[in-house]
There are 2 protein chains.
Amino acid sequence: MEQNQVVKGSLTTIIMKLLEDNGRMYGYEITKAVKEATGNRMNITEAALYPALHKLVADGMLVTTTETVDGRMRKYYMLTKKGKKETVSKIQALKEAMESIHMILNPKLSNG
Amino acid sequence: MEQNQVVKGSLTTIIMKLLEDNGRMYGYEITKAVKEATGNRMNITEAALYPALHKLVADGMLVTTTETVDGRMRKYYMLTKKGKKETVSKIQALKEAMESIHMILNPKLSNG
DNA sequence: GTAAATGCATAATTTCATTAGGTATTAATT
DNA sequence: AATTAATACCTAATGAAATTATGCATTTAC
């Protein structure tokens with residue numbers, strides 16, 4: 001229905017959560033942060049990340065600034081005011097979706 | 001990557017988990033079970049459920065038996081041996097994906 | 001000098017859920 | 001008696017999102 005949608009779109013929420021915590025980040029940095037935070041369990045591909053970032057920019061959730069560091073370009077992403085507000089509700093929705101899945105994986109037995 | 005895939009495909013894992021717990025269930029029963037287990041938070045649409053069930057049958061994870069109860073047809077689904085084995089690993093993968101998301105949503109601060 | 005790491009990106013495909021329908025029987029309500 | 005809600009199955013078309021498979025360019029490590 002829609003809770004499934006929430007879980008499915010968790011990548012977007014993850015990106016926004018990281019930006020909420022770190023202020024601004026560039027794409028490659030986000031992939032490293034996810035790997036580090038999850039002890040290498042989760043790996044976001046760039047082919048999934050960049051389209052997601054671009055969509056968030058198109059939707060007015062993020063803005064970018066570009067810098068060149070050590071001869072390499074870095075495109076930093078930051079949450080807009082709208083993006084910050086959306087982040088809060090998206091995190092809440094994701095937590096509730098995870099709680100729902102948890103309830104299914106760990107059912108209360110009626111017959112104790 | 002693949003952890004995202006796991007979370008995205010959580011519907012399949014939910015179905016298999018319910019069948020693991022309940023032995024056999026029919027489609028409509030599964031939608032009710034999910035609603036009940038999650039306190040109405042999660043709602044699986046039949047349009048998502050039935051194609052998922054049919055794919056699981058096609059993949060050899062489930063088998064079906066049909067009965068008529070009170071004038072209405074019920075198509076019961078059960079895990080095959082292969083399906084039972086797959087259920088274990090899918091649940092494990094889903095738990096790990098949830099743990100990863102949890103770690104991102106609740107990061108350990110390096111600066112205590 | 002070759003491979004790995006850093007850094008960006010897209011196109012084609014596949015997978016999956018949603019939207020929007022459809023059929024049929026029984027139980028409950030008006 | 002007629003309508004609505006609940007039970008029970010299903011599919012087609014669309015849309016959203018991730019994967020697979022690439023591509024380019026620079027710097028660091030071997």
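In this text, all values refer to a predicted model and were calculated from it rather than measured experimentally. Numbers restart at 1 for each chain; the letters A, B, ... are given by sequence-line order, proteins then strands.
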- A:Met73 CE to D:dT27 P, in whole Å, measures 14 Å

- Message: Starting the side chain at C-beta, find the nucleotide from C:dA9, C:dT19, D:dC9 nearest to B:Ala47.
- Response: C:dT19

- Task: Check step by step if side chain to side chain contact (heavy atoms under 4.5 Å, CB included) holds for A:Lys85 and A:Lys82.
- Result: CA-CA 5 Å; A:Lys85 202 176 159 191; A:Lys82 182 183 175 188; 5.8 Å; no

- Message: Can you measure B:Leu94 atom CG to C:dC16 atom P for me and round it to whole angstrom units?
- Response: 14 Å

- Same apolar cluster (I L V M F W Y, side chains within < 4.5 Å links), A:Ile14/B:Leu105: yes

- Round to the nearest Å and state the distance from B:Asn43 atom CG to C:dT19 atom C1'. 14 Å

- Message: Whole angstroms only, please: what is the CG-C1' distance between B:Asp70 and D:dA6?
- Response: 13 Å

- From the candidates D:dA18, C:dA9, D:dA21, the one with an atom nearest any side-chain atom of A:Glu46 is C:dA9

- Message: Rounded to whole Å, how long is the line connecting atom CZ of A:Arg74 with atom P of C:dC8?
- Response: 8 Å

- Message: For A:Lys75, give me all partners under side-chain hydrogen bond (donor to acceptor under 3.5 Å, both in side chains), at least two apart in sequence or on another chain.
- Response: none

- Starting at the 5' end of DNA chain C and moving along, which residue's nearest nucleotide shows up first, B:Arg72 or A:Leu53? A:Leu53

- Query: Near DNA chain C, under 4.0 Å by heavy atom, which residues of residues 21-36 of chain A?
  - Reply: A:Tyr26, A:Gly27, A:Tyr28, A:Lys32

- Message: So does B:Arg72 get a backbone contact from the side chain of B:Thr68, meaning a donor-acceptor N/O pair under 3.5 Å?
- Response: no

- Item | A:Tyr50 OH - D:dT20 C1' separation (whole Å) | 17 Å

- Task: Answer with yes or no whether the hydrophobic clustering places B:Ile15 together with B:Val57; edges join I, L, V, M, F, W, Y residues whose side-chain heavy atoms lie under 4.5 Å apart.
- Result: yes

- Nearest-nucleotide pick for B:Lys55, side chain only, options being C:dC16, C:dA9, D:dT19: C:dC16

- Message: Whole angstroms only, please: what is the CG-P distance between A:Leu56 and D:dA16?
- Response: 14 Å

- Note on the structure: Sorted by chain and residue number, the salt bridge (charged side-chain N to carboxylate O under 4.0 Å, His left out) partners of A:Lys35 (sequence neighbours excluded) come out as none

- Query: For B:Tyr76 and D:dC9, what is the distance between atoms OH and C1' respectively, to the nearest whole Å?
  - Reply: 14 Å

- If you measure from the Lys or Arg side-chain nitrogens to the Asp or Glu carboxylate oxygens, is any gap between B:Lys81 and B:Glu86 under 4.0 Å? no

- Message: Less than 4.0 angstrom between a side-chain N/O of B:His54 and OP1 or OP2 of D:dC9, yes or no?
- Response: no

